[in-house]
Amino acid sequence: MTKKALITGITGQDGAYLSEFLVKKGYKVFGAVRRTSSINTSRLSYLGILNDVEIVPMDLAEITNIQRLVEKIEPDEIYNLAAQSFVQTSYEQPIYTSDIDGIGVTRLLETIRNLGGKPKFYQASTSEMFGKAQESPQNEKTPFYPRSPYGIAKLYSHWMTINYREAWDMFACSGILFNHESPLRGTEFVTRKISQGMAQIALKKIEKINLGNLNAERDWGFAGDYVEAMWLMLQKDQPDDYVIATGETHSVREFVQLAANSIDIDIVWDNKGDHEIGICKKTGETIISVDKQYTRPSETDHLLGDASKAKKTLGWKPSINFKSLVNMMVEHDLKRMKDNNFWF
Ligand code: NAP
Ligand code: F7E
C-alpha cells in the first residue's frame, strides 16, 4: 500500500528536499502550509515537484486545525519541520518562537496521542540545543546548554518528544541535526547570505557583504543528505534520537574565504574584532565588513557533531564535503543571477 507522509514546513529548505526524497520513494506526500498573503511554494517548483505533493492548510498555532487535518489524512509518518527557525529573530520574538517551536510540537504530539499514537513522528531538533557546548565533539549524551530563545524552545520540544515516546509508547524520534545548507537555504542565514553576496560581487551588483561574528564555528553539511537521515530514523524497529553532522567544523571566515575563491578572489584579512575587513588581494577593494547589527546577544561559538551512532545504526553518512557545499551554493547563485531567476 502507498505510504502517506505529512510534512509540516514543506515550503522551507528541508521540506522541499524531504518531499523530493519521499516522492521518489513512492510516498503520497501532504505538505502543511500556513496561511500567508501569498503561498511560497517556490522551492518545490525549483525542484520540479510542486505537482507531486498535495498542499494542505495547517498552522502549528492552531490545535483544532492540526487535529482535523491529521484525522483526515491518517498519515503513516509525520515529519515536523515547521518552525520559526531563525535564531536572530528568536531574540526579538521569543514568545512567538516558544509557541511555535515549543508548544506547537506538543499540539502535534497530543493530536497523535488522542488518535491512538499511530503515525510515526519525526521532530526537527537542533545542534543549537548544545549552545555553549559542554564538550567537543557533541553527541547524543552531551549535556545541553542552549544560548537563544530558539534553542530553548527546541530543547523543550526535544524533551516532549522523548516524554511522549516513554509515557505513551509512541514511535517518536528526535533528529539533532547540525547546520545543513543548500542552494535552497533562506537568504538570511549566513551561508546563503555569503553565496548570494559573492555572486552579486562577481556580477558587480554590490561591492561588499556586511557580516557579524566571523569567528563562529559550525559543522555545516548538505541539506539533501540530512533529509535521508530523517526518513531512516522512522524506518527502524525502535524509535530513538540521533545526532546528524559531518564531523568537521569551520568558521564563518573560512566559509567566506572559500566562497570568494569560487569567484576567483583571494581575500586578505585586516584589523580585528568589529573593525575586521576582508580585502580582495588583486584589487585592494574591501569586500567584507563587520556590522554589529548581525552579532547576537548570546552566541553559540563552536559546534562540531559526532554522528557515529547514526553511522552505525542507520548506515547514514554525508556525501558532500564542506568545499563542495560552498562551491555548489555560489555556483547556483551565480547561475540564478545570470538567468535573472529571482525565485528567492
Ligand atoms: P526553514 O527553511 O526556515 O522552513 C521553516 C518552515 O516552517 C517553513 O515552511 C515555514 O513556512 C514553516 N512555518 C513557520 N512557522 C509556521 C507555523 N506557525 N505553522 C506552520 N508552518 C510554519 O527551515 P529549515 O532550514 O527547512 O529547517 C527545518 C526544520 O529543521 C526547522 O524546524 C528548523 O528549526 C530545524 N533545523 C534546521 C537546521 C538547519 O540547519 N537547516 C538544523 C537543525 C534543525 P513559511 O514558508 O510560511 O515561512
Ligand atoms: O548563523 C554567524 C552567526 O543564522 C550561523 C538554523 O538553521 O542552524 C541555523 O542556525 C553563524 C552564527 O545559523 C552573520 O552569529 C556571522 O554564529 O546561519 P546562521 P544558526 O544560527 O547556526 C541551526 C542548527 C538551526 O537549528 C537553525 O534553525 O553565523 N554570523 N555573520 C551570521 N549569521 C547570520 N545569519 N548573518 C550574518 O550576517
Side-chain angles (χ1 to χ4, degrees), residues 7-18 31-44 57-62 65-66 79-90 96-97 99-101 103-105 107-108 122-131 146-148 150-151 153-154 157-158 174-182 184-194 197 209-223 226-227 230 243-245 250-253 255-256 288-303 305:
I7 303 175
T8 74
I10 197 166
T11 54
Q13 171 190 255
D14 291 7
Y17 281 112
L18 180 63
V33 173
R34 62 176 164 166
R35 197 267 157 190
T36 49
S37 63
S38 51
I39 292 180
N40 165 29
T41 47
S42 53
R43 290 184 174 95
L44 297 168
M58 197 206 84
D59 198 307
L60 275 189
E62 178 61 65
N65 183 192
I66 299 172
Y79 295 86
N80 181 38
L81 310 185
Q84 190 302 94
S85 72
F86 192 40
V87 171
Q88 185 101 40
T89 294
S90 77
Y96 175 75
T97 303
D99 185 36
I100 301 307
D101 300 8
I103 305 292
V105 182
R107 293 187 186 104
L108 266 169
Y122 172 84
Q123 167 57 14
S125 287
T126 163
S127 51
E128 274 301 297
M129 301 187 307
F130 295 121
R147 294 272 281 173
S148 64
Y150 168 79
K154 283 280 184 177
S157 44
H158 174 69
S174 179
I176 306 173
L177 271 51
F178 282 62
N179 297 55
H180 44 281
E181 319 292 316
S182 74
L184 300 186
R185 189 56 143 151
T187 49
E188 69 274 43
F189 298 96
V190 76
T191 54
R192 184 78 201 292
K193 183 173 166 184
I194 297 166
I209 311 169
N210 297 321
L211 295 168
N213 179 9
L214 297 171
N215 295 316
E217 291 171 332
R218 291 290 185 274
D219 181 329
W220 278 297
F222 171 55
Y226 286 42
V227 297
M230 300 173 185
V243 159
I244 302 297
H250 297 275
S251 65
V252 171
R253 194 181 289 98
F255 196 106
V256 171
I288 302 291
S289 289
V290 170
D291 182 336
K292 276 176 83 173
Q293 69 167 300
Y294 300 113
T295 58
R296 295 177 181 177
S298 48
E299 175 68 292
T300 291
D301 292 314
H302 165 84
L303 289 174

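In each ligand, atom 1 is the first atom listed, and ligand 1 is the first ligand listed.
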Would you check, one step at a time, whether the test side chain to side chain contact (heavy atoms under 4.5 Å, CB included) holds for Tyr122 with Leu81?
CA-CA 8 Å; Tyr122 172 84; Leu81 310 185; 3.9 Å; yes
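- Scanning the protein for heavy atoms near atom 30 (O) of ligand 1, the closest one is Ala124 CB, 3.4 Å.
- The shortest non-hydrogen separation linking Lys154 to Ala124 is NZ-O, 2.8 Å.
- Counting the atoms of ligand 1 from 1 in the order shown, those under 4.0 Å from a heavy atom of Ser85 are 1 (P), 3 (O), 23 (O), 33 (C), 34 (O).
- Considering all non-hydrogen atoms of both residues, Met58 and Ala32 come closest at CB-CB, 3.7 Å.
- The single protein non-hydrogen atom nearest to atom 12 (C) of ligand 2 is Arg218 NH2, 3.4 Å, given as residue, atom name and distance.
- Between the choices Ala82, Ala83, Ser42, Gly151, the shortest heavy-atom distance to atom 14 (C) of ligand 1 belongs to Ala83.
- Every atom of ligand 2 with a heavy atom of Gly212 under 4.0 Å away is listed here by number and element: 14 (C), 16 (C), 31 (N), 38 (O).
- His302 places no side-chain N or O within donor-acceptor distance of the main-chain N or O of Thr300, the cut-off being under 3.5 Å.
- Within the 4.0 Å heavy-atom shell around ligand 2 one finds Glu299.
- The protein non-hydrogen atom at the shortest distance from atom 20 (P) of ligand 2 is Asn179 ND2, 3.8 Å.
- Atom numbering of ligand 1 starts at 1 in the shown order; those under 4.0 Å from a heavy atom of Ser125 are 43 (C), 44 (C).
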Does the pair Arg34 and Leu60 meet the rule for a side chain to side chain contact (heavy atoms under 4.5 Å, CB included), with working shown?
CA-CA 8 Å; Arg34 62 176 164 166; Leu60 275 189; over 6 Å; no
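- Remark: minimum distance from atom 23 (C) of ligand 2 to any protein heavy atom is reached at Thr126 OG1, 3.8 Å.
- Considering only non-hydrogen protein atoms, atom 26 (O) of ligand 1 sits nearest to Asp14 N, 2.8 Å.
- Of all non-hydrogen atoms in Tyr150 and Ser90, the two that sit nearest each other are N-OG, 3.1 Å.
- Residues Asn215 and Arg253 form a side-chain contact, since some pair of their non-hydrogen atoms from C-beta on lies under 4.5 Å apart.
- The Asn179 neighbourhood of ligand 1 comprises atoms 40 (O), with distances under 4.0 Å to a heavy atom of that residue.
- Looking at His180 next to ligand 1, an N or O pair under 3.5 Å apart turns up.
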Could you go through the salt bridge (charged side-chain N to carboxylate O under 4.0 Å, His left out) check for Glu181 and Lys193 one step at a time?
CA-CA 11 Å; Glu181 319 292 316; Lys193 183 173 166 184; over 6 Å; no
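- Within ligand 2, counting atoms from 1 as listed, the ones closer than 4.0 Å to a heavy atom of Val87 are 10 (O), 21 (O).
- Of all the atoms in ligand 1, the ones that sit under 4.0 Å from a non-hydrogen atom of Thr126 are 43 (C), 44 (C).
- Looking only at protein heavy atoms, the nearest one to atom 41 (N) of ligand 1 is Arg185 NH1, 3.2 Å.
- Of the inter-residue distances, the one linking His158 atom NE2 with Asp101 atom CG reads 15.0 Å to the nearest 0.5 angstrom.
- Closest of all the heavy-atom pairs between Ala245 and Asp219 is CB-OD2, 3.4 Å.
- The shortest N or O to N or O distance between Lys154 and ligand 1 is under 3.5 Å.
- For Leu303 against Phe130, the heavy-atom pair with the smallest separation is CD2-CB, 4.1 Å.
- Thr11 OG1, 2.5 Å is the protein heavy atom nearest to atom 46 (O) of ligand 1.
- If you check which protein heavy atom lies closest to atom 17 (C) of ligand 1, you get Asp59 OD1, 3.6 Å.
- Considering only non-hydrogen protein atoms, atom 5 (C) of ligand 2 sits nearest to Val190 CG1, 3.8 Å.
- Of all atoms in ligand 2, listed by their number and element, those nearer than 4.0 Å to a heavy atom of Ala216 are 17 (O).
- Listed by number with element, the atoms of ligand 2 under 4.0 angstrom from any heavy atom of Leu211 are 31 (N), 38 (O).
- The closest donor-acceptor contact from the side chain of Ser298 to the backbone of Arg147 lies under 3.5 Å.
- Remark: among candidates Phe189, Tyr96, Tyr150, Tyr17, the nearest residue to atom 36 (N) of ligand 1 is Tyr150, based on non-hydrogen atoms.
- The distance criterion of under 3.5 Å between nitrogen or oxygen atoms is not met by Tyr294 with respect to ligand 2.
- At under 3.5 Å, not a single nitrogen or oxygen of Glu181, backbone or side chain, sits near a nitrogen or oxygen of ligand 1.
- For ligand 1, the polar-atom distance check against Arg34 finds a nitrogen or oxygen pair separated by under 3.5 Å.
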With salt bridge (charged side-chain N to carboxylate O under 4.0 Å, His left out) as the test, would you mind laying out the steps for Asp301 and Arg296 before giving the verdict?
CA-CA 11 Å; Asp301 292 314; Arg296 295 177 181 177; over 6 Å; no
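- Which parts of ligand 1 touch Met58 is read off a 4.0 Å heavy-atom cut-off, strictly below it: atoms 20 (C).
- When hydrogens are left out, the protein atom nearest atom 19 (N) of ligand 1 is Leu60 N, 3.1 Å; that is the closest non-hydrogen contact.
- Atom 21 (O) of ligand 2 has Arg296 NH1, 2.5 Å as its closest protein atom, hydrogens excluded (heavy atom only).
- Between Ser127 and ligand 1, not a single N/O pair is under 3.5 Å apart.
- Of all the heavy atoms in Ile66 and Asp59, the pair that sits closest is CG1-O, 3.9 Å.
- Atoms of ligand 2 found under 4.0 Å from any heavy atom of Lys193 (numbered from 1 in listed order, with element): 37 (C), 38 (O).
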Go through the steps to decide whether Val190 and Phe255 satisfy the test side chain to side chain contact (heavy atoms under 4.5 Å, CB included), and finish with yes or no.
CA-CA 9 Å; Val190 76; Phe255 196 106; over 6 Å; no
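- Taking only nitrogen or oxygen atoms, main chain and side chain alike, Ile100 does not reach within less than 3.5 Å of ligand 1.
- Across Leu177, Ile10, Leu81, heavy-atom proximity to atom 29 (C) of ligand 1 is greatest for Leu81.
- The single protein non-hydrogen atom nearest to atom 6 (C) of ligand 1 is Gly9 CA, 3.6 Å, given as residue, atom name and distance.
- Close contacts of ligand 2 with Ser85, meaning ligand atoms under 4.0 Å from a residue heavy atom, involve 6 (C), 27 (C), 28 (O).
- Heavy-atom proximity to atom 36 (N) of ligand 2, evaluated over Glu128, Arg147, Glu217, Glu188, is greatest for Glu188.
- Given atom 4 (O) of ligand 1, the protein heavy atom at minimum distance is Gly12 CA, 3.4 Å.
- In the vicinity of Ser127, heavy-atom distances shorter than 4.0 Å reach the ligand 2 atoms 24 (C).
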When you look at Asn80 and Thr8, which way does the side-chain hydrogen bond (donor to acceptor under 3.5 Å, both in side chains) test go after all the steps?
CA-CA 5 Å; Asn80 181 38; Thr8 74; 2.6 Å; yes
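- Heavy-atom proximity to Phe86, at under 4.0 Å, picks out these atoms of ligand 2: 4 (O), 35 (N).
- Residue-ligand proximity: Arg185 is placed with a non-hydrogen atom under 4.0 Å from ligand 2.
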